[in-house]
4 protein chains.
Amino acid sequence: MTPRIVDKEKKKQEILRGALKVFARRGVHDFKMIQVAQAAGVGKGTLYEYFSSKEEIVVGSMTLLLEDLEAHLKPRLANVVKPVDQVREYFFASFEFFVLQKRRLDVLFDFYAAGLPRKDGVPLLQNMAGGYQQAVDFLAEVIQKGIDSGDFRPIDARIAALSLLAMLDGLLFQSALGMTAIADRKLPEKICDVYLGGLLK
Amino acid sequence: MTPRIVDKEKKKQEILRGALKVFARRGVHDFKMIQVAQAAGVGKGTLYEYFSSKEEIVVGSMTLLLEDLEAHLKPRLANVVKPVDQVREYFFASFEFFVLQKRRLDVLFDFYAAGLPRKDGVPLLQNMAGGYQQAVDFLAEVIQKGIDSGDFRPIDARIAALSLLAMLDGLLFQSALGMTAIADRKLPEKICDVYLGGLLK
Amino acid sequence: MTPRIVDKEKKKQEILRGALKVFARRGVHDFKMIQVAQAAGVGKGTLYEYFSSKEEIVVGSMTLLLEDLEAHLKPRLANVVKPVDQVREYFFASFEFFVLQKRRLDVLFDFYAAGLPRKDGVPLLQNMAGGYQQAVDFLAEVIQKGIDSGDFRPIDARIAALSLLAMLDGLLFQSALGMTAIADRKLPEKICDVYLGGLLK
Amino acid sequence: MTPRIVDKEKKKQEILRGALKVFARRGVHDFKMIQVAQAAGVGKGTLYEYFSSKEEIVVGSMTLLLEDLEAHLKPRLANVVKPVDQVREYFFASFEFFVLQKRRLDVLFDFYAAGLPRKDGVPLLQNMAGGYQQAVDFLAEVIQKGIDSGDFRPIDARIAALSLLAMLDGLLFQSALGMTAIADRKLPEKICDVYLGGLLK
DNA sequence: TATGAATGAGGCTTCATTCAT
DNA sequence: CATGAATGAAGCCTCATTCAT
């Protein structure tokens with residue numbers, strides 16, 4: 001509420017934005033604090049006024065990226081009401097988010113990789129899975145509504161959500177590897193249709 | 001006159017096996033040469049008798065992992081002839097490979113992440129995409145046969161292969177993140193069936 | 001707002017002074033960065049704030065030593081006007097510089113050795129010869145003046161300069177090897193006289 | 001006497017010849033044992049059958065080079081009897097030795113540099129000065145004979161020898177630095193004459 | 001005797017973090 | 001608050017030397 005806190009939060013964001021820029025260029029695993037400082041237009045020491053460690057910046061950046069994604073999806077989904085359209089919109093809007101800024105995709109997968117169980121069992125990014133869980137829950141809910149409304153076949157909503165996200169992630173992944181061109185809207189559409197073909201009555 | 005004779009290729013493999021063990025524990029991005037040496041039961045300097053740099057060990061290990069996967073899939077696929085069974089077998093055998101050694105999955109995704117475009121545009125693992133391409137080609141061929149034989153609907157075989165792999169990867173990915181239990185054979189089966197439901201006539 | 005302010009140039013010099021001390025003790029070819037750091041009273045990493053590599057410190061130190069020599073010679077030569085006295089003064093003052101700090105001589109020759117064509121043709125210290133060239137030019141000019149003024153015989157001034165420096169270096173060299181005692185001013189004088197005996201009319 | 005010993009000596013020489021080749025290319029301070037082994041056409045371990053350490057190879061090589069120089073000078077000096085001619089011959093033949101194989105000069109100066117007081121006071125090549133002393137003694141003797149025979153002025157023979165060698169070394173040194181072209185026989189002759197001008201009656 | 005595979009001590013360099021200003 | 005100079009832990013890699021064959 002006080003300006004001080006607002007300013008502080010704003011600066012934190014600026015730093016995290018700088019970090020995301022750096023990640024896009026150098027990867028999450030090979031970035032230097034000085035790069036973040038430069039990208040954010042602050043001094044190296046200043047980073048430690050807002051974050052207590054390098055790791056905290058990584059975590060914060062990931063959270064910010066997921067918030068960006070959420071902010072991108074929210075208005076898109078708000079405009080549609082039918083479950084099938086919501087699923088389609090979720091699918092396409094997700095692609096769109098990454099198509100808008102191709103490097104975001106690389107960063108996301110870097111975060112995922114950083115979130116894998118490591119350091120002798122402890123994942124670096126503990127809430128990576130948490131972010132994913134939210135997406136699953138949201139989609140499962142939408143699908144359940146579709147089932148309830150009779151639009152979808154009476155399948156296990158969570159399984160369906162998982163497999164839809166699996167395909168979405170898989171395609172994004174392929175795109176990150178340069179295997180497919182998701183920018184070409186046709187491809188996601190075709191695939192979504194194939195998937196819905198199995199889902200719809 | 002008769003100096004020590006060693007099987008250089010064998011030793012290289014031993015080192016790479018050691019590296020894979022370390023990767024499973026520490027991740028591809030945070031391993032130390034000394035760890036690989038210890039895991040391989042050799043001295044630090046010995047690594048450089050067989051590989052000229054840390055990076056070369058990463059690349060070699062990835063290649064080995066993919067060879068392992070191929071070696072796992074080959075006999076499994078040799079036993080089935082019908083395209084639909086081949087697709088199923090490919091799907092299940094792939095899961096099985098990673099279920100046998102859960103950490104392999106983490107390592108694979110680490111490799112993938114390492115293969116993303118980085119270092120200002122240059123991916124660390126240049127042929128990562130190449131390995132993926134082979135899988136796509138193989139599956140596309142199988143699917144095409146199924147289409148030719150009339151078992152599958154007349155769709156774009158490459159698109160189908162891509163989406164199948166996308167789903168496979170996505171599920172493996174979810175498993176790596178701890179979202180799904182692929183060890184429970186039911187889940188992959190269900191999902192495969194959903195997918196095939198859209199594929200089969 | 002007001003970060004620590006340091007005189008970067010001054011600190012660079014301090015480090016180079018430390019390096020020269022180390023060179024005197026261990027030779028240019030067998031010194032460690034940690035030794036320079038300790039001699040300069042800074043941390044190991046600090047060296048790299050001011051120099052980007054070990055080699056750069058070697059080059060910088062050599063330059064500093066030559067500057068020291070020049071600074072030593074300049075006032076000494078400013079007090080004399082007659083060419084023959086300038087030559088004598090150059091000769092003696094040079095000895096003096098190294099007599100003042102015997103180890104300087106070892107360091108100088110180490111630098112020379114480092115400046116020899118190496119690393120498959122490329123000398124480590126590229127401008128080593130440049131420093132020498134300046135000395136030749138200066139002496140040649142002085143001798144030429146002596147010739148013009150009729151004090152010296154009409155010989156090739158450059159040849160004379162080269163041979164004078166050759167003898168000077170040769171004597172310093174012998175001194176470095178412990179063959180002669182240049183500290184005993186008599187010897188340089190005698191030799192200089194012998195040389196001048198051939199130069200003067 | 002026994003063939004065994006002869007063979008052993010021969011092999012040692014081959015190794016030292018290899019070392020000298022390497023020194024010419026890489027310098028005394030930056031050579032690797034493997035390079036010597038390759039240049040000598042033997043295995044790395046074999047070096048240690050003939051020499052107990054790297055340092056011993058350096059010392060042996062230097063000794064060999066000085067022996068080569070001596071072997072080159074001996075017959076040249078055997079043909080002249082007058083002291084003044086012996087001095088001239090010594091001067092010219094020395095140049096010739098290094099002109100024949102330009103890189104020898106670099107190696108010699110490298111040896112000299114290695115022979116400077118180091119490792120906290122202890123020179124690496126202890127008998128470097130010893131070799132120089134022999135040259136001084138020889139020349140002093142020749143000059144003394146010239147004085148006795150009345151050819152030279154009655155000066156201090158040792159001083160004269162030292163200054164002659166100083167000039168010789170100085171010129172060689174300049175040549176090594178690329179300052180003078182000793183290959184052009186004129187220059188050494190001129191300088192020798194200047195020197196002798198001061199020496200002769 | 002000859003070899004080169006194996007080794008590990010040691011050095012240069014990087015970079016996250018601290019802290020005086 | 002902001003800064004960047006200072007630091008030293010840590011890691012990759014080199015290479016002299018050893019030793020099994």
Side-chain angles (χ1 to χ4, degrees), chain A residues 4 7-8 11 15 30-38 40-58, chain B residues 1-8 11 15 30-38 40-57, chain C residues 1-8 11 15 30-38 40-57, chain D residues 4 7-8 11 15 30-38 40-58:
Chain A
R4 276 293 165 73
D7 281 351
K8 188 128 188 167
K11 194 98 171 211
I15 290 173
D30 186 38
F31 80 99
K32 323 283 177 239
M33 291 300 266
I34 180 67
Q35 297 173 329
V36 174
Q38 282 164 350
V42 300
K44 207 164 15 125
T46 307
L47 299 180
Y48 288 86
E49 295 288 325
Y50 296 88
F51 301 92
S52 66
S53 70
K54 189 181 185 181
E55 190 174 333
E56 204 169 271
I57 286 183
V58 173
Chain B
M1 279 297 184
T2 326
R4 203 179 311 188
I5 289 170
V6 292
D7 186 334
K8 281 237 167 197
K11 196 120 190 188
I15 291 174
D30 185 38
F31 80 99
K32 320 289 173 234
M33 291 302 266
I34 182 67
Q35 298 171 330
V36 174
Q38 282 163 350
V42 300
K44 195 158 38 93
T46 306
L47 300 181
Y48 289 87
E49 294 286 325
Y50 295 88
F51 301 92
S52 63
S53 70
K54 189 181 183 181
E55 188 173 336
E56 204 170 272
I57 285 185
Chain C
M1 280 297 185
T2 325
R4 202 179 311 187
I5 290 170
V6 293
D7 186 333
K8 280 238 166 195
K11 196 120 190 187
I15 290 173
D30 185 39
F31 80 98
K32 321 288 174 234
M33 292 301 266
I34 181 67
Q35 298 170 331
V36 174
Q38 282 164 349
V42 299
K44 200 154 36 93
T46 306
L47 300 180
Y48 289 86
E49 294 285 324
Y50 295 88
F51 301 92
S52 62
S53 69
K54 188 180 184 181
E55 188 174 335
E56 205 170 272
I57 286 185
Chain D
R4 277 291 166 72
D7 281 351
K8 187 126 187 166
K11 196 97 171 210
I15 290 173
D30 187 37
F31 80 99
K32 323 283 177 238
M33 291 301 267
I34 181 66
Q35 297 172 328
V36 174
Q38 282 164 349
V42 300
K44 209 163 15 127
T46 307
L47 300 180
Y48 288 85
E49 294 288 325
Y50 295 88
F51 300 92
S52 65
S53 71
K54 188 180 184 182
E55 190 174 333
E56 204 170 271
I57 286 182
V58 173

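A note on names: the letters A, B, ... follow the listed sequences, proteins ahead of strands, and every chain is numbered from 1.
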- Between B:Tyr48 and F:dC15, is there a side-chain N or O to OP1/OP2 distance below 4.0 Å? no

- Message: Within the 4.5 Å heavy-atom criterion, are D:Val42 and D:Glu49 side-chain neighbours or not?
- Response: no

- Message: Can you tell me how far apart CG (D:Leu47) and CD1 (D:Ile15) are? Round to the nearest 0.5 Å.
- Response: 5.0 Å

- Sorted by position of nearest nucleotide on DNA chain F, 5' first, the leading residue of D:Phe31 and C:Gly43 is C:Gly43

- Looking at the side chain of C:Met33, which of E:dT13, F:dC13, E:dT3 is the nearest nucleotide? E:dT13

- Note on the structure: Considering only heavy side-chain atoms of C:Lys11, the closest of F:dA6, E:dA16, F:dC12 is F:dA6

- Taken to the nearest whole Å, CD/A:Glu55 to C1'/E:dC15 is 16 Å

- Query: Are A:Ile34 and A:Gln38 side-chain neighbours, meaning at least one heavy-atom pair lies under 4.5 Å?
  - Reply: yes

- Message: Using Watson-Crick or G-U wobble geometry with both distances under 3.5 Å, which nucleotide pairs with E:dT14?
- Response: F:dA9

- Message: Rounded to whole Å, how long is the line connecting atom CG of B:Asp7 with atom C1' of E:dG4?
- Response: 16 Å

- D:Lys32 vs C:Thr46, nearer the 5' end of DNA chain F by closest nucleotide: C:Thr46

- Message: For F:dC1 and A:Tyr50 - does any side-chain N or O of the residue sit under 4.0 Å from the phosphate oxygens OP1/OP2?
- Response: no

- Could you let me know what F:dA20 is paired to, Watson-Crick or G-U wobble, both distances under 3.5 Å, or none if it's on its own? E:dT3

- Task: Send over the distance from A:Gln38 CD to F:dT3 P, rounded to a whole Å.
- Result: 12 Å

- Message: I need the CD1-C1' distance between A:Ile34 and E:dT18, as an integer number of Å.
- Response: 15 Å

- side-chain N/O B:Lys8 vs E:dA5 OP1/OP2, d < 4.0 Å: yes

- Query: For the side chain of D:Lys54, counting heavy atoms from C-beta on, which of F:dT17, E:dA16, E:dT13 is nearest?
  - Reply: F:dT17

- May I ask you to decide if C:Val36's main-chain N or O and C:Lys44's side chain share a donor-acceptor pair within less than 3.5 Å? no

- Item | Value in whole Å for how far the C1' atom of E:dG10 lies from CG of C:Asp30 | 12 Å

- Task: Scan D:Lys44 against the nucleic acid and name what it touches under 4.0 Å (heavy atoms): base, sugar-phosphate only, or nothing.
- Result: base

- Of the nucleotides F:dA2, F:dT17, E:dT13, which has the atom closest to the A:Glu49 side chain? F:dA2

- Test item: A:Gln35 side-chain N/O and A:Lys32 main-chain N/O as donor-acceptor pair under 3.5 Å: yes

- Message: Nearest heavy atom decides the nucleotide; on that basis, is B:Leu47 or C:Ser53 closer to the 5' end of DNA chain E?
- Response: B:Leu47

